[in-house]
Amino acid sequence: MELSLIVPTFNEGPNVRELLRRLADTLDSTVYEVVFVDDSTDDTPDIIRAAAVDSAAPVRLIHRERPVGGLGGAVVEGIRSASHDWCLVMDGDLQHPPEVIPQLLARAARGDTDVVVASRYIDGGTSDGLANAVRTTVSRASTLLTKAMFPRKLNGCSDPMTGFFLLRRSTVDLESLQPRGFKILLEILARRQLRVSEVPFAFAPRFAGESKASFTQGMRFLTQLTMLRFGRMSAFAIVGGLGALANLAIMWALVAVHMPYVWAAVVASVITIVANFLALEYLVFADMRADSGRMWHRFVKSFTFNGIEAIVRIPLIAVLVERAHIPSVIAAAVTLIAAFVVRFVFHALVVYAPKKRRAEAAALAPAVAASDELAA
Ligand code: GDD
Ligand code: MN
């Protein structure tokens, strides 16, 4: 079996030579290449180039000047460029011990599987190398949540969050993947029913450097999970829903300290418009940002839309309060719900329209205008 090893790296310089050394020791009877997909901001690319010269196995470096999709995007790019059909994905920090690879290969050689997952959560595996108890708990809980959301597709997989796996590229539809952040195996398994098997492994402590996991990665993961399961509109709805709750909470607090309710509604709206835009940029539409022009232009479009919406909505609140005698917060809630649908259509089709598909967006403009009118 010929093998392409895909190693995503972000500032992992001190780990490169050690990784190549242990791979060479372990894989002496296997034909393999190593593809580093690197988004580093330090001298890691130079270290990889220098190490490639001394390496017995071919080592390739893909350095991405404009990284897309984070760690997951890097993995997909590596798989796409691999020379062999069997691709092994592993971290560059030696938390995934190279010595486990022969067992993954042996499992794949039995011929009844598309993906062999190196799992921390079956007999013989451990996650002791995770930095601390908080990370262990977060990892366990998110594994449970993920498995509950995809009970059938993840049936044979105890560790969908691992970044250590062997897969046959020809069984995966790379074009259908929309990687964002860390959990690319989850997306691969969630998109298409694959035959999964597992081999246990002990997640080791980092050899050198520090982890790139963060709160933001956690938020990206939750967005990814929502979008995979329920689609983009539901992620948009959750962000909008949280925004609406924040809007009402701010308004309630300001009214409670005796700000006139119209001013309270204005302040609450401005704060939530900005927060909402940031959540759309970095979570819901993160995969479409690269193709849809400048962030500044998107902000202007989004802000203008929300501004117009607020300008329409706030007098409407006044009408509902003064004429229909509905409590102000309830009136605000009613108008927020009405605005939601229009807002989703506008953002998905106009704000995040791919530049190439301008013509199509123009064709949809009458529909947007119509739904706008409807909501108004
Ligand atoms: N190219 C690229 N771009 N590589 C990245 C990026 C990125 O934006 N972010 C992280 N990496 C690389 C790191 O350099 C490392 O080789 C690997 O991806 C994993 O990143 P770590 O920072 O070491 O993450 P971790 O140890 O917290 O997470 C690992 O454990 C998880 C299981 O709990 C990863 O293996 C995850 O894939 C795994 O799910
Ligand atoms: Mn790591």
Side-chain angles (χ1 to χ4, degrees), residues 5-16 18-20 22-23 34-45 47-48 60-81 88-98 100 117-121 125-146 154 157-167 179-189 201-218 220-221 224-225 282 286-287:
L5 289 149
I6 315 297
V7 186
T9 48
F10 187 92
N11 300 352
E12 299 288 2
N15 295 313
V16 170
E18 178 68 6
L19 176 66
L20 290 174
R22 280 172 62 183
L23 285 172
V34 184
V35 183
F36 286 97
V37 190
D38 181 74
D39 297 335
S40 297
T41 50
D42 65 2
D43 60 349
T44 304
I47 295 175
I48 295 173
R60 278 196 286 132
L61 167 66
I62 301 175
H63 179 72
R64 307 195 301 169
E65 286 300 334
R66 287 188 59 217
V68 182
L71 168 53
V75 168
V76 171
E77 193 147 339
I79 295 176
R80 197 174 276 134
S81 85
L88 184 126
V89 179
M90 69 189 301
D91 290 353
D93 58 359
L94 293 153
Q95 294 201 274
H96 298 155
V100 180
V117 170
S119 170
R120 295 163 288 177
Y121 299 132
T126 70
S127 56
D128 297 349
L130 272 181
N132 54 44
V134 174
R135 278 226 45 192
T136 310
T137 313
V138 169
S139 176
R140 285 269 178 186
S142 46
T143 300
L144 279 182
L145 176 65
T146 307
L154 297 183
C157 183
S158 62
D159 194 356
M161 325 290 277
T162 187
F164 193 14
F165 54 93
L166 174 63
L167 67 80
R180 42 175 73 212
F182 268 37
K183 302 304 171 188
I184 186 64
L185 175 65
L186 165 64
E187 180 174 4
I188 291 172
L189 296 181
F201 87 107
F203 191 77
R206 241 177 190 277
F207 180 71
E210 53 197 49
S211 172
K212 284 85 198 173
S214 61
F215 178 74
T216 313
Q217 287 299 341
R220 288 214 180 104
F221 161 71
Q224 170 79 327
L225 200 57
Y282 293 106
D287 55 329

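All values below were derived from every heavy atom in this structure, side-chain atoms included, with hydrogens, water molecules and symmetry-related copies excluded. Counting convention: from 1, in listed order, for ligands and their atoms alike.
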**OP:** Test side-chain hydrogen bond (donor to acceptor under 3.5 Å, both in side chains) on Asp159 and Thr143 and set out the steps.
**Re:** CA-CA 7 Å; Asp159 194 356; Thr143 300; 4.8 Å; no
**OP:** Assess whether side-chain contact (heavy atoms from CB on, under 4.5 Å) is satisfied between Val16 and Phe36, documenting all intermediate values.
**Re:** CA-CA 10 Å; Val16 170; Phe36 286 97; 4.2 Å; yes
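Scanning the protein for heavy atoms near atom 8 (O) of ligand 1, the closest one is Leu71 N, 3.6 Å.
Ligand 1 does not have Arg64 within reach: every non-hydrogen atom of the residue lies 4.0 Å or more from it. For Gly70, the closest heavy-atom approach to ligand 1 falls below 4.0 Å. At least one heavy atom of Arg135 sits closer than 4.0 Å to an atom of ligand 1. Proximity of Phe203 to ligand 1 is established by a heavy-atom distance of less than 4.0 Å.
The N/O atoms of Glu12, backbone and side chain alike, include one that comes under 3.5 Å of an N/O atom in ligand 1. Annotation: Arg206 places an N or O atom under 3.5 Å from an N or O atom of ligand 1; distance criterion only.
If you number the atoms of ligand 1 from 1 as listed, the ones under 4.0 Å from a heavy atom of Gly163 come out as 37 (O), 38 (C), 39 (O).
The Mn ion (ligand 2) has Asp93 among its coordinating residues (N/O/S atom, backbone or side chain, under 2.8 Å). Here Ser211 fails the criterion, with no N, O or S atom under 2.8 Å of the Mn ion (ligand 2).
At a heavy-atom distance under 4.0 Å, only backbone atoms of Thr162 (N, CA, C or O) approach ligand 1.
For the residue pair Tyr121 and Ser127, the shortest heavy atom distance occurs at CE2-OG, 4.0 Å.
Among Asp39, Asp91, Thr143, Val7, the residue whose heavy atom sits closest to atom 19 (C) of ligand 1 is Asp91.
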